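To start, the structure under review is shown below, and the notes come after it.
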Amino acid sequence: QHIVCATNSDLLRGDVISLTKDSLVVRSFEEQKHYPRSLISSIVWLHPDALLNEITNNEPNTNEFEEKDETKAQQKVEVIAPSENKRQVVQVIMQGNRQMTLELTSSKDGVLTGDSAVLGKCEIPFDEICELRMGKFASEARDVPYSDWEAHIAPAPVLETADGSESSQMFGGDSPLVGKAAPNADVKLLDGTEFTLNAHKGKIVILDFWATWCGPCIAELPKIAGVVNGYTEDQVILVAMNQEESKETIEEFLTKRNWTMTVGLDSGTIGAKYGASSIPLTVVINQKGEVAFVKSGGSSDTEAKLKAAIDQLLNPPTETTPAATEN
């Protein structure tokens, strides 16, 4: 009925037998385990009926861990069956620090079910739940998530010209940024250092705007990094411009995938300069500090076309002088 969270983030599922100021006793796999209270950070209660009993009847449960007669327990549950205006409100904290406020309707078969004012009926598996906040903690939570967000329609990726013909760009599509000086990008990196775009003139700089929640970004980023790794740092560098995520979220994401790369912590300011209203967006900046290529979205030929674009910038075609014509 419970998940016990340790101070080092370890989790244990079982039944809490007793809790004092010094120790916690939990029954797990038919074995009683004793833990010092100082090692426990929180206890997640996965049996809302008992909590609902306390709230709807206003009766403190003074001996909640003692064994009860099964018949009496069944009678009590029938008496306190949830009604539309007497539901336990909880804020569910899930993996990845996702939050959702629900009115609980059931908790069985490993699934917590409830109604969200925004999303309607929701079902959340127990193994995705890190914490349940109840009572005043749930009441103080924001009932309408994302209420401070403003929705805008993302522009379609620029992959073709206006007349439907193939883009003239070797990598990506036509963009108003191409041929112009790249907007400056001063950003703090994940490792704590600073990156300034203007300080890297003389080399090719690739800015890839991405986020950990973006599936196409996750598919494109390793492709781009793989191409860049084929060149020296004085030729080409890649800065993966993460969009508005926390340092902890990014570090956990990279560690799980064993990815090593330079990551910029963009609050969205730099992304706005480059038109990254939809991601992934990959911008290739030439040695003069000008935008050479812009690619929005993902594709199966990213690696081949990106390499060709970089090679063209490193070895631009030479202009040939027409041979003189004899009179």
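The first residue in the sequence is number 1, and the count goes up from there. Source: prediction; values computed, not measured.
- Here CG of L197 is found 8.0 Å from CD1 of I237. Values are rounded to the nearest 0.5 Å.
- Side chains of F293 and Q312 form a contact here, defined as non-hydrogen atoms less than 4.5 Å apart.
- Nearest heavy-atom pair across P280 and G298 is CG-N, 4.3 Å.
- Distance check, rounded to the nearest 0.5 Å: OG1 of T302 to CZ of F171 gives 6.0 Å.
- Atoms CD1 and NZ, from I224 and K295 in turn, are 7.0 Å apart once rounded to the nearest 0.5 Å.
- Annotation: side chain of S278 is in contact with side chain of S296 (closest heavy-atom distance under 4.5 Å).
- R133 places no side-chain N or O within 3.5 Å of a backbone atom of V92 that could act as its donor or acceptor partner.
- Using modelled atom types, no side-chain atom of E244 and backbone atom of A211 make a donor-acceptor pair closer than 3.5 Å.
- A donor-acceptor pair is defined here as one N or O able to donate and one able to accept, closer than 3.5 Å; such a pair exists between the side chain of H2 and the backbone of V16.
- No donor-acceptor pair closer than 3.5 Å links the side chain of K21 to the backbone N or O of S23.
- Taking CD from E245 and CG from L265, the interatomic distance works out to 10.0 Å, rounded to the nearest 0.5 Å.
- Although no hydrogens or angles enter the test, the distance criterion places a donor-acceptor pair under 3.5 Å between the side chain of N229 and the main chain of A225.
- By the disulfide (SG to SG under 2.5 Å) test, C217 is found to be paired with C214, residues two or more places apart in sequence or in another chain being considered.
- When all heavy atoms of V239 and G264 are compared, the pair lying nearest together is CG1-N, 4.0 Å.
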Contacts table for residues 185-195: side-chain donor-acceptor under 3.5 angstrom, sequence neighbours left out:
residue, atom, partner, partner atom, Å
D186, OD1, N184, ND2, 3.4
D186, OD1, T196, OG1, 3.3
D186, OD2, N184, ND2, 3.3
D191, OD1, T193, N, 3.0
D191, OD1, T193, OG1, 2.6

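- Applying the side-chain hydrogen bond (donor to acceptor under 3.5 Å, both in side chains) rule to K305 yields the partners D301; only residues at least two apart in sequence or on another chain are considered.
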Please step through side chain to side chain contact (heavy atoms under 4.5 Å, CB included) for the pair I40 and C5, ending with a clear verdict.
-> CA-CA 6 Å; I40 308 304; C5 306; over 6 Å; no
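- In this structure a side-chain-to-backbone donor-acceptor pair under 3.5 Å is present from W210 to A240.
- Note: H200 NE2 to D234 CG = 12.5 Å, rounded to the nearest 0.5 Å.
- Cluster membership for L314 and V227, using ILVMFWY side-chain heavy atoms within less than 4.5 angstrom, is shared.
- V284 places a side-chain heavy atom less than 4.5 Å from the side chain of I204.
- Among L207, V294, D266, the one residue that satisfies the side-chain contact (heavy atoms from CB on, under 4.5 Å) test with Y274 is L207.
- Residues V283 and V291 meet the side-chain proximity criterion, which asks for heavy atoms closer than 4.5 Å.
- The hydrophobic clustering, which links ILVMFWY residues whose side-chain heavy atoms are closer than 4.5 Å, places V44 and M94 together.
- Between E233 and K203 the shortest heavy-atom distance is O-NZ, 3.5 Å.
- Across all non-hydrogen atoms, the minimal contact from Q243 to G271 is OE1-CA, 3.8 Å.
- Transitive grouping of hydrophobic side chains (ILVMFWY, heavy atoms separated by less than 4.5 Å) keeps I93 and M100 in distinct clusters.
- Note on L132: it clusters hydrophobically with L11, by side-chain heavy-atom contacts below 4.5 Å among ILVMFWY residues.
- In summary, K256 and E252 engage in a salt bridge, as defined by a charged side-chain N under 4.0 Å from a carboxylate O.
- Judged purely by atom type and a 3.5 angstrom limit, N286 uses its side chain to pair as donor or acceptor with the backbone of K288.
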Please walk me through it: do V228 and M261 pass side chain to side chain contact (heavy atoms under 4.5 Å, CB included)?
-> CA-CA 11 Å; V228 173; M261 61 185 64; over 6 Å; no
Start with the C-alpha distance between I206 and T282, add both sets of side-chain angles, then the distance that settles side chain to side chain contact (heavy atoms under 4.5 Å, CB included), and finish with yes or no.
-> CA-CA 7 Å; I206 299 177; T282 306; 3.7 Å; yes
Take V263 and I250, measure what side chain to side chain contact (heavy atoms under 4.5 Å, CB included) needs, and give me the verdict at the end.
-> CA-CA 9 Å; V263 177; I250 302 168; 4.1 Å; yes
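- Side-chain atoms of V236 and L313, non-hydrogen and from C-beta on, never get closer than 4.5 Å to each other.
- R37 is listed as a side-chain neighbour of L19, based on a closest heavy-atom distance under 4.5 Å.
- A donor-acceptor pair is defined here as one N or O able to donate and one able to accept, closer than 3.5 Å; no such pair exists between the side chain of T113 and the backbone of T105.
- Between I218 and P222 the shortest heavy-atom distance is O-CD, 2.9 Å.
- The existence of a salt bridge linking R98 and E128 is confirmed by a sub-4.0 Å separation between a basic side-chain nitrogen and an acidic carboxylate oxygen.
- Atom OG of S107 sits about 3.5 Å away from atom CZ of F126, to the nearest 0.5 Å.
- For the pair L12 and S28, the minimum side-chain heavy-atom distance is below 4.5 Å.
- Partner of I17 under the side-chain contact (heavy atoms from CB on, under 4.5 Å) criterion, chosen from L24, V25, V26: V25.
- Ring-centre distance between W213 and F253: not below the 6.0 Å cut-off.
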